[in-house]
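This report refers to the structure that appears directly beneath it.
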There are 2 protein chains.
Amino acid sequence: MSRSNPRVLSTLERAGGFASAQEVYRLMQREGESIGLTTVYRSLQSLVNDKIVDVLRRDDGEAIYRLCGEAHHHHLVCKGCGDTVEIEGGAIEKWAKMMAEEHGFRDVGHTAEIFGLCAKC
Amino acid sequence: MSRSNPRVLSTLERAGGFASAQEVYRLMQREGESIGLTTVYRSLQSLVNDKIVDVLRRDDGEAIYRLCGEAHHHHLVCKGCGDTVEIEGGAIEKWAKMMAEEHGFRDVGHTAEIFGLCAKC
DNA sequence: GGTGGAAATGAAAATCATTTTCATTTGTGC
DNA sequence: GCACAAATGAAAATGATTTTCATTTCCACC
(Lines give C-alpha, C1' and ligand atoms only; values in the text may rest on other atoms or scores of the structure.)
Protein backbone atom coordinates (compact mmCIF):
# COMPACT_ATOMS: atom_id res chain seq x y z
CA MET A 1 0.00 0.00 0.00
CA SER A 2 1.23 3.46 -0.70
CA ARG A 3 0.29 6.82 0.62
CA SER A 4 -0.30 9.84 -1.51
CA ASN A 5 2.52 12.03 -2.62
CA PRO A 6 1.61 15.48 -1.23
CA ARG A 7 2.80 17.25 -4.35
CA VAL A 8 0.13 15.45 -6.34
CA LEU A 9 -2.59 16.82 -4.12
CA SER A 10 -1.18 20.32 -4.20
CA THR A 11 -0.95 20.18 -7.98
CA LEU A 12 -4.53 19.05 -8.24
CA GLU A 13 -5.50 21.99 -6.07
CA ARG A 14 -3.53 24.36 -8.23
CA ALA A 15 -5.27 22.95 -11.31
CA GLY A 16 -8.55 24.23 -9.96
CA GLY A 17 -9.37 21.03 -8.12
CA PHE A 18 -10.38 19.32 -11.31
CA ALA A 19 -8.07 17.37 -13.63
CA SER A 20 -7.23 14.00 -15.11
CA ALA A 21 -4.23 11.97 -14.01
CA GLN A 22 -2.47 12.75 -17.26
CA GLU A 23 -3.09 16.44 -16.81
CA VAL A 24 -1.75 16.43 -13.28
CA TYR A 25 1.32 14.60 -14.54
CA ARG A 26 1.92 17.00 -17.42
CA LEU A 27 1.40 19.96 -15.15
CA MET A 28 3.98 18.69 -12.69
CA GLN A 29 6.43 18.02 -15.51
CA ARG A 30 5.97 21.48 -16.87
CA GLU A 31 6.66 22.89 -13.44
CA GLY A 32 9.87 20.96 -13.25
CA GLU A 33 8.73 18.48 -10.60
CA SER A 34 10.38 15.13 -10.97
CA ILE A 35 7.71 12.51 -10.62
CA GLY A 36 6.64 9.39 -12.46
CA LEU A 37 3.27 8.85 -14.04
CA THR A 38 2.87 5.73 -11.94
CA THR A 39 3.18 7.70 -8.75
CA VAL A 40 0.60 10.20 -9.93
CA TYR A 41 -1.86 7.39 -10.57
CA ARG A 42 -1.10 5.74 -7.27
CA SER A 43 -1.43 8.97 -5.35
CA LEU A 44 -4.73 9.86 -6.93
CA GLN A 45 -6.00 6.35 -6.29
CA SER A 46 -5.10 6.64 -2.66
CA LEU A 47 -6.72 10.06 -2.38
CA VAL A 48 -9.86 8.51 -3.76
CA ASN A 49 -9.71 5.71 -1.18
CA ASP A 50 -9.29 8.27 1.56
CA LYS A 51 -12.27 10.15 0.15
CA ILE A 52 -10.23 13.28 -0.29
CA VAL A 53 -10.97 13.40 -3.99
CA ASP A 54 -13.81 12.08 -6.12
CA VAL A 55 -13.41 10.48 -9.47
CA LEU A 56 -15.72 10.93 -12.40
CA ARG A 57 -15.48 10.31 -16.10
CA ARG A 58 -15.15 12.54 -19.09
CA ASP A 59 -17.19 11.76 -22.16
CA ASP A 60 -14.20 10.05 -23.69
CA GLY A 61 -13.85 7.80 -20.67
CA GLU A 62 -10.83 9.50 -19.16
CA ALA A 63 -11.03 9.64 -15.38
CA ILE A 64 -11.05 13.06 -13.84
CA TYR A 65 -10.26 13.70 -10.22
CA ARG A 66 -11.98 16.36 -8.22
CA LEU A 67 -11.30 17.60 -4.75
CA CYS A 68 -14.33 17.00 -2.63
CA GLY A 69 -15.55 19.32 -0.01
CA GLU A 70 -14.49 22.20 -2.18
CA ALA A 71 -17.07 24.65 -3.32
CA HIS A 72 -18.63 22.67 -6.07
CA HIS A 73 -18.66 24.22 -9.49
CA HIS A 74 -19.05 23.30 -13.12
CA HIS A 75 -17.32 24.06 -16.37
CA LEU A 76 -18.13 25.78 -19.59
CA VAL A 77 -15.71 24.41 -22.16
CA CYS A 78 -14.97 25.77 -25.63
CA LYS A 79 -14.90 23.06 -28.28
CA GLY A 80 -12.72 25.28 -30.43
CA CYS A 81 -9.84 26.43 -28.23
CA GLY A 82 -10.39 24.33 -25.13
CA ASP A 83 -10.76 27.41 -22.96
CA THR A 84 -12.63 26.68 -19.75
CA VAL A 85 -14.71 28.91 -17.55
CA GLU A 86 -15.79 27.91 -14.07
CA ILE A 87 -19.43 28.58 -13.53
CA GLU A 88 -21.73 28.43 -10.62
CA GLY A 89 -24.29 25.65 -10.53
CA GLY A 90 -26.76 26.25 -7.75
CA ALA A 91 -29.60 25.35 -10.06
CA ILE A 92 -28.03 21.98 -10.76
CA GLU A 93 -27.52 21.17 -7.11
CA LYS A 94 -31.16 21.70 -6.44
CA TRP A 95 -32.17 19.74 -9.49
CA ALA A 96 -29.95 16.80 -8.56
CA LYS A 97 -31.22 16.73 -5.01
CA MET A 98 -34.81 16.88 -6.17
CA MET A 99 -34.44 14.12 -8.74
CA ALA A 100 -32.63 11.90 -6.28
CA GLU A 101 -35.36 12.27 -3.70
CA GLU A 102 -38.06 11.67 -6.22
CA HIS A 103 -36.54 8.33 -7.16
CA GLY A 104 -35.42 7.19 -3.74
CA PHE A 105 -31.71 7.64 -4.38
CA ARG A 106 -29.32 8.67 -1.66
CA ASP A 107 -25.70 9.63 -1.35
CA VAL A 108 -25.80 11.32 -4.73
CA GLY A 109 -23.29 13.31 -6.67
CA HIS A 110 -23.49 14.65 -10.17
CA THR A 111 -21.59 15.86 -13.18
CA ALA A 112 -22.61 18.62 -15.51
CA GLU A 113 -20.67 20.34 -18.21
CA ILE A 114 -21.63 22.74 -20.92
CA PHE A 115 -19.66 22.85 -24.13
CA GLY A 116 -19.88 25.10 -27.14
CA LEU A 117 -17.97 27.77 -29.01
CA CYS A 118 -16.64 30.76 -27.16
CA ALA A 119 -16.82 34.32 -28.47
CA LYS A 120 -13.36 34.11 -30.07
CA CYS A 121 -13.89 30.87 -31.94
CA MET B 1 -19.65 6.66 -43.68
CA SER B 2 -21.31 3.44 -42.73
CA ARG B 3 -24.78 2.52 -41.70
CA SER B 4 -25.62 0.38 -38.75
CA ASN B 5 -25.71 -3.35 -39.09
CA PRO B 6 -29.27 -4.25 -38.06
CA ARG B 7 -28.14 -7.34 -36.18
CA VAL B 8 -26.22 -5.11 -33.81
CA LEU B 9 -29.32 -3.19 -32.87
CA SER B 10 -31.37 -6.34 -32.45
CA THR B 11 -28.68 -7.85 -30.25
CA LEU B 12 -28.59 -4.75 -28.11
CA GLU B 13 -32.35 -5.03 -27.74
CA ARG B 14 -32.09 -8.66 -26.78
CA ALA B 15 -29.45 -7.76 -24.20
CA GLY B 16 -32.05 -5.69 -22.40
CA GLY B 17 -31.21 -2.51 -24.25
CA PHE B 18 -28.12 -1.96 -22.17
CA ALA B 19 -24.66 -3.30 -22.94
CA SER B 20 -21.09 -2.41 -23.81
CA ALA B 21 -19.67 -2.86 -27.30
CA GLN B 22 -17.58 -5.80 -26.11
CA GLU B 23 -20.63 -7.43 -24.59
CA VAL B 24 -22.68 -7.01 -27.75
CA TYR B 25 -19.79 -8.53 -29.68
CA ARG B 26 -19.38 -11.49 -27.33
CA LEU B 27 -23.11 -12.07 -27.33
CA MET B 28 -23.23 -12.17 -31.10
CA GLN B 29 -20.29 -14.54 -31.22
CA ARG B 30 -21.91 -16.85 -28.71
CA GLU B 31 -25.04 -16.88 -30.82
CA GLY B 32 -23.05 -17.88 -33.85
CA GLU B 33 -23.35 -14.59 -35.72
CA SER B 34 -20.34 -13.88 -37.83
CA ILE B 35 -19.40 -10.27 -37.26
CA GLY B 36 -16.24 -8.32 -36.56
CA LEU B 37 -15.64 -6.23 -33.49
CA THR B 38 -14.97 -3.27 -35.73
CA THR B 39 -18.42 -3.49 -37.24
CA VAL B 40 -20.01 -3.64 -33.81
CA TYR B 41 -18.23 -0.45 -32.82
CA ARG B 42 -19.09 1.25 -36.06
CA SER B 43 -22.72 0.26 -35.85
CA LEU B 44 -23.09 1.44 -32.28
CA GLN B 45 -21.37 4.68 -33.20
CA SER B 46 -23.79 5.22 -36.00
CA LEU B 47 -26.76 4.41 -33.79
CA VAL B 48 -25.50 7.05 -31.39
CA ASN B 49 -25.24 9.58 -34.20
CA ASP B 50 -28.75 8.76 -35.24
CA LYS B 51 -29.84 9.20 -31.63
CA ILE B 52 -31.28 5.72 -31.50
CA VAL B 53 -29.09 4.77 -28.59
CA ASP B 54 -27.18 6.84 -26.12
CA VAL B 55 -23.91 6.20 -24.50
CA LEU B 56 -22.85 6.49 -20.92
CA ARG B 57 -19.88 5.27 -18.95
CA ARG B 58 -19.37 2.53 -16.45
CA ASP B 59 -17.27 3.29 -13.41
CA ASP B 60 -14.32 1.64 -15.10
CA GLY B 61 -14.65 3.89 -18.12
CA GLU B 62 -16.11 1.33 -20.49
CA ALA B 63 -18.80 2.81 -22.71
CA ILE B 64 -22.24 1.33 -22.39
CA TYR B 65 -24.88 1.74 -25.03
CA ARG B 66 -28.48 2.05 -24.20
CA LEU B 67 -31.64 2.22 -26.26
CA CYS B 68 -33.53 5.37 -25.54
CA GLY B 69 -36.58 7.37 -26.37
CA GLU B 70 -36.31 10.46 -28.53
CA ALA B 71 -36.85 13.18 -25.95
CA HIS B 72 -33.69 14.73 -24.58
CA HIS B 73 -33.19 13.41 -21.10
CA HIS B 74 -30.62 12.74 -18.44
CA HIS B 75 -29.75 9.79 -16.27
CA LEU B 76 -29.85 8.88 -12.65
CA VAL B 77 -27.46 5.99 -12.25
CA CYS B 78 -27.04 3.69 -9.27
CA LYS B 79 -23.41 3.18 -8.32
CA GLY B 80 -24.35 -0.10 -6.69
CA CYS B 81 -26.34 -2.06 -9.23
CA GLY B 82 -25.98 0.09 -12.33
CA ASP B 83 -29.70 0.60 -12.55
CA THR B 84 -30.59 3.66 -14.58
CA VAL B 85 -33.56 5.94 -14.53
CA GLU B 86 -34.28 8.44 -17.26
CA ILE B 87 -35.13 11.80 -15.80
CA GLU B 88 -36.39 15.02 -17.17
CA GLY B 89 -34.00 17.95 -17.26
CA GLY B 90 -35.83 21.12 -18.12
CA ALA B 91 -34.00 22.96 -15.39
CA ILE B 92 -30.67 22.01 -16.91
CA GLU B 93 -31.64 23.19 -20.36
CA LYS B 94 -32.44 26.60 -19.00
CA TRP B 95 -29.34 26.70 -16.88
CA ALA B 96 -27.09 25.76 -19.79
CA LYS B 97 -28.65 28.34 -22.05
CA MET B 98 -28.31 31.03 -19.42
CA MET B 99 -24.69 30.27 -18.61
CA ALA B 100 -23.77 30.14 -22.28
CA GLU B 101 -25.30 33.52 -22.94
CA GLU B 102 -23.69 35.05 -19.92
CA HIS B 103 -20.23 34.05 -21.16
CA GLY B 104 -20.73 34.69 -24.84
CA PHE B 105 -20.77 31.03 -25.86
CA ARG B 106 -22.89 29.80 -28.71
CA ASP B 107 -23.81 26.49 -30.24
CA VAL B 108 -23.83 24.82 -26.86
CA GLY B 109 -24.68 21.37 -25.69
CA HIS B 110 -24.38 19.85 -22.29
CA THR B 111 -24.02 16.69 -20.29
CA ALA B 112 -25.44 16.03 -16.87
CA GLU B 113 -25.68 12.88 -14.87
CA ILE B 114 -26.62 12.14 -11.32
CA PHE B 115 -25.20 9.13 -9.58
CA GLY B 116 -25.82 7.65 -6.16
CA LEU B 117 -27.29 4.64 -4.45
CA CYS B 118 -30.77 3.49 -5.29
CA ALA B 119 -33.32 2.38 -2.71
CA LYS B 120 -32.36 -1.30 -3.07
CA CYS B 121 -28.61 -0.80 -2.68
C1' DG C 1 27.09 5.19 12.49
C1' DG C 2 25.24 0.82 10.66
C1' DT C 3 21.69 -2.51 9.44
C1' DG C 4 17.35 -4.64 8.04
C1' DG C 5 13.00 -4.40 6.49
C1' DA C 6 8.97 -1.84 4.97
C1' DA C 7 7.17 1.67 2.06
C1' DA C 8 7.71 4.64 -2.00
C1' DT C 9 9.22 5.31 -6.50
C1' DG C 10 9.44 5.04 -11.53
C1' DA C 11 10.77 2.84 -16.01
C1' DA C 12 9.20 -0.38 -18.81
C1' DA C 13 5.98 -3.90 -20.07
C1' DA C 14 1.27 -5.54 -19.98
C1' DT C 15 -3.73 -4.75 -20.43
C1' DC C 16 -7.82 -3.38 -22.37
C1' DA C 17 -11.25 -0.66 -24.73
C1' DT C 18 -11.46 1.84 -28.69
C1' DT C 19 -9.98 3.72 -33.24
C1' DT C 20 -7.58 3.59 -37.49
C1' DT C 21 -5.76 1.50 -41.61
C1' DC C 22 -6.25 -0.95 -45.46
C1' DA C 23 -7.17 -4.72 -48.32
C1' DT C 24 -11.12 -7.51 -49.46
C1' DT C 25 -15.97 -8.46 -50.18
C1' DT C 26 -20.61 -7.21 -51.18
C1' DG C 27 -24.24 -4.78 -53.36
C1' DT C 28 -26.28 -1.81 -56.84
C1' DG C 29 -27.05 0.63 -60.87
C1' DC C 30 -25.75 0.60 -65.67
C1' DG D 1 -20.60 -8.55 -66.80
C1' DC D 2 -18.52 -4.14 -64.95
C1' DA D 3 -17.33 -0.33 -62.38
C1' DC D 4 -17.76 1.93 -58.22
C1' DA D 5 -19.36 2.99 -53.69
C1' DA D 6 -20.36 1.21 -49.25
C1' DA D 7 -19.61 -2.38 -45.78
C1' DT D 8 -16.69 -5.47 -43.55
C1' DG D 9 -13.07 -7.30 -40.61
C1' DA D 10 -8.18 -8.54 -39.46
C1' DA D 11 -4.50 -6.51 -37.78
C1' DA D 12 -1.97 -2.60 -36.17
C1' DA D 13 -2.10 1.76 -33.68
C1' DT D 14 -3.58 4.57 -29.81
C1' DG D 15 -4.14 6.07 -25.27
C1' DA D 16 -5.37 5.63 -20.53
C1' DT D 17 -4.54 2.82 -16.82
C1' DT D 18 -2.39 -1.09 -14.24
C1' DT D 19 1.14 -4.31 -13.19
C1' DT D 20 5.83 -5.82 -12.53
C1' DC D 21 9.96 -5.47 -10.59
C1' DA D 22 14.30 -3.62 -9.44
C1' DT D 23 15.95 0.37 -7.01
C1' DT D 24 15.86 3.99 -3.62
C1' DT D 25 14.37 6.24 0.55
C1' DC D 26 12.86 6.12 5.32
C1' DC D 27 12.71 4.69 9.89
C1' DA D 28 13.25 2.05 14.06
C1' DC D 29 16.38 -0.21 16.51
C1' DC D 30 20.84 -1.75 17.81
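Throughout, a chain's letter reflects where its sequence line sits, starting with A, and its residues are numbered from 1. None of the values given here were measured: they were computed from a predicted structure.
Going from atom CD1 of B:Ile64 over to atom C1' of C:dA17 covers 14 Å, rounded to whole Å. In this structure, the CG atom of B:Asp60 is 17 Å from the P atom of C:dT15, given to the nearest Å. In this structure, the CZ atom of A:Arg26 is 10 Å from the P atom of D:dT17, given to the nearest Å. Taking atom OH on A:Tyr41 and atom P on D:dT19, their separation rounds to 12 Å, with Å as the unit. Taking atom CZ on B:Arg42 and atom P on D:dG9, their separation rounds to 8 Å, with Å as the unit. At whole-Å resolution of the value, CG in A:Leu37 and P in D:dT20 are 17 Å apart. B:Arg7 places its CZ atom 11 Å from the C1' atom of D:dA7, with the value rounded to the nearest Å. Between the CG atom of A:Leu44 and the P atom of C:dT9 there is a distance of 13 Å, rounded to whole Å.
Side-chain proximity of B:Gln22 to C:dG10, C:dT18, D:dT18: nearest is C:dT18. Nearest nucleotide to the side chain of B:Ala21, out of D:dT17, C:dT18, D:dT18: C:dT18. The side chain of B:Ser34 has D:dG9 as its nearest neighbour among D:dG9, C:dT18, C:dT9. Side-chain proximity of A:Glu62 to C:dA17, D:dT8, D:dT17: nearest is D:dT17.
Under the 4.0 Å criterion applied to side-chain N and carboxylate O atoms, A:Arg66 and A:Asp54 are assigned as salt-bridge partners.
Residue A:Asn5 is in sugar-phosphate contact alone, with no base atom involved, counting any heavy-atom pair closer than 4.0 Å across all strands shown. Nucleic acid contact for B:Ile35: sugar-phosphate only, since backbone atoms but no base atoms lie under 4.0 Å from a heavy atom of the residue.
No hydrogens or angles considered: a donor-acceptor pair under 3.5 Å links the side chains of A:Gln22 and A:Tyr41. Defined by atom type and a distance below 3.5 Å, a donor-acceptor pair is missing between the side-chain atoms of B:Arg42 and B:Thr38. For A:Arg7 and A:Thr11, the side-chain atoms include no donor-acceptor pair closer than 3.5 Å.
Side-chain to base pairing of B:Thr38 with D:dA10: one donor and one acceptor N or O lie within less than 3.5 Å of each other.
Here A:Thr39 does not reach the OP1 or OP2 of C:dT9: none of its side-chain N or O atoms lies under 4.0 Å away.
Just one residue in the list A:Arg57, A:Glu62, A:Arg58, A:Arg26 forms a side-chain hydrogen bond (donor to acceptor under 3.5 Å, both in side chains) with A:Ser20, and that residue is A:Glu62.
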